[in-house]
Structures are given as C-alpha cells and as structure tokens.
Amino acid sequence: MLQDFKNFLFPKLCACCDAVLLKDEPFMCTFCRNELPLYPNFFDGDHDLHKILYGRVLVDQAASLFYFEKKGIIQNLIHDLKYKGNEELSFHLGEWLGQILLEAGWQSKIDIVIPVPLHSQRMRERGYNQVEGFGRAIADKLSATYNDGVLKRKSNSKTQVFKNRLARTEVVQNHFYVVGKSDLKDKQVLLVDDLVTTGATLEACSLALKDLGVPKLNIATIAITK
Ligand SMILES: [Zn+2]
C-alpha cells in the first residue's frame, strides 16, 4: 500500500523512453524491451570483438547484450546507466546477459569477473562504477568470483585514441595497472565493460592484466557499437 502510494508520487520511468512503468515492468517498458537491438551471440568465434581486437588482444570468448546505435533507445539506456546512478539497472542487465552465458555453458569457463575500473575521481563524482552491477550479476549467475581489487586506473587519465595504433598503445597502456600479486595464470578471466567502440580501453586493460599472467581474455560488454 505504502509502496503503491510512493509509486504514485514518484512513478518509475522507462530507462529508454521515460514512459511511466507498470508494476510488472522492471526498468523498461515492454515496448522498449522488445525494441532493444539485441546482439546475436552465437559463441562461434564470430563476435565483432574478435575482429576489433585482432592482433591486439587474445580474445577467447566474447559476448554482448546489445548493439549500440546513436539516437536509438539503447543510447538512452546507456545514458541512464552512466549518469543517473542507476545501479540496479546495471545489475538487471548483468542478470540478463548472465542467463544467456549460463545457458551457453560459460559456468565452467569463467573463474573471475573483473570490471574495467573507473578512475577514483569519476568514482567520487558518480559514486559507483556503472559496470559493477553488471559484473556482479554475471559472476553470481556463473558462480564465479567478482574481483574489482586487482585492476586499477590511474587518476586524471583519460583514454586517448590516436589514429596511429602504435601511438595509441603507448598512451593507453599507462592508464591501467594491477595491484597485489594475485596469480591469475591458471584462471579464466572475464573482463566486463559497458560500451565498446574502438577497443582501446580493453586493449589497455589486457596489457595490464598480462602482468598477472593472464595471456588471453574473455570479454562481456553491455553494448558494442555497430
Ligand atoms: Zn520505454
């Protein structure tokens, strides 16, 4: 009753189109849920990340929940996730992709889920890392460990993308580092990120993780640019 009254005063809105949500519509309205551009995960080595990161990162398995399109409802969703502090939405999307991965047999393939870190200044501004819920939910689904303590990002560093691949590598590889001496050599690592476009961030993370003996990565993203 109290909850109904609260919902009446502060109705929950669709993360994609801002329509008022019905009781049984979590985070997005039924229309948007059906309209979101789902990424076709076939798990046959044909994921776009294999092409994007070819020659830069050894990718074992990759998966994404959505295609990203500018001006589409997916853009509103990612915006809500990044700037409106919608942590539960992040977790919800992780449960969504996590279920797909579980059904594809990833439970036996993943030991540790590591999120691409935000640097501390942005963490302070936003109060949360928008991929944390996503990563935690996937780890739960796959009975893996969520670990946001090993991979860190230096403060005040912004990933810069240069046209020259070599130059870009030299710049971005300094922005991530690993802490501690965890030996991940025999572990299957799943790196999670929100949106992948050029792959520069993932490449930089992979370079840092090599210091912990991780030769190849599994990657899961909320969205990937078409
Ligand atoms: Zn909607």
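Quantities reported herein were computed from a predicted structural model and do not represent experimental measurements. We count ligands from 1, going down the list as the structure has it; atoms in each ligand are counted the same way. Reckoned from all heavy atoms, side chains included, excluding hydrogens, waters and symmetry mates.
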- prompt: Relative to each other, are the rings of H92 and F27 parallel, tilted or perpendicular (30° and 60° limits)?
  reply: tilted

query: For the residue pair H79 and Y83, does the interplanar ring angle fall in the parallel (under 30°), tilted (30 to 60°) or perpendicular (over 60°) class?
result: tilted

field: Contact check, side chains of W106 and L190, non-hydrogen atoms, under 4.5 Å
entry: yes

message: Within 45 degrees of the ring normal and closer than 6.0 Å to the centroid, is that where the cationic atom of K152 sits relative to Y177?
response: no

query: Picking from F66, F134, F91, what satisfies ring-ring contact (aromatic ring centres under 6.0 Å, His included) with W96?
result: F66

message: So, at under 2.8 Å, which protein N, O or S atoms would a careful student list around the Zn ion (ligand 1)?
response: C14 SG, C17 SG, C29 SG, C32 SG

- prompt: What closest approach, in Å, do G199 and L53 show between heavy atoms, and which atom pair accounts for it?
  reply: O-CD2, 3.6 Å

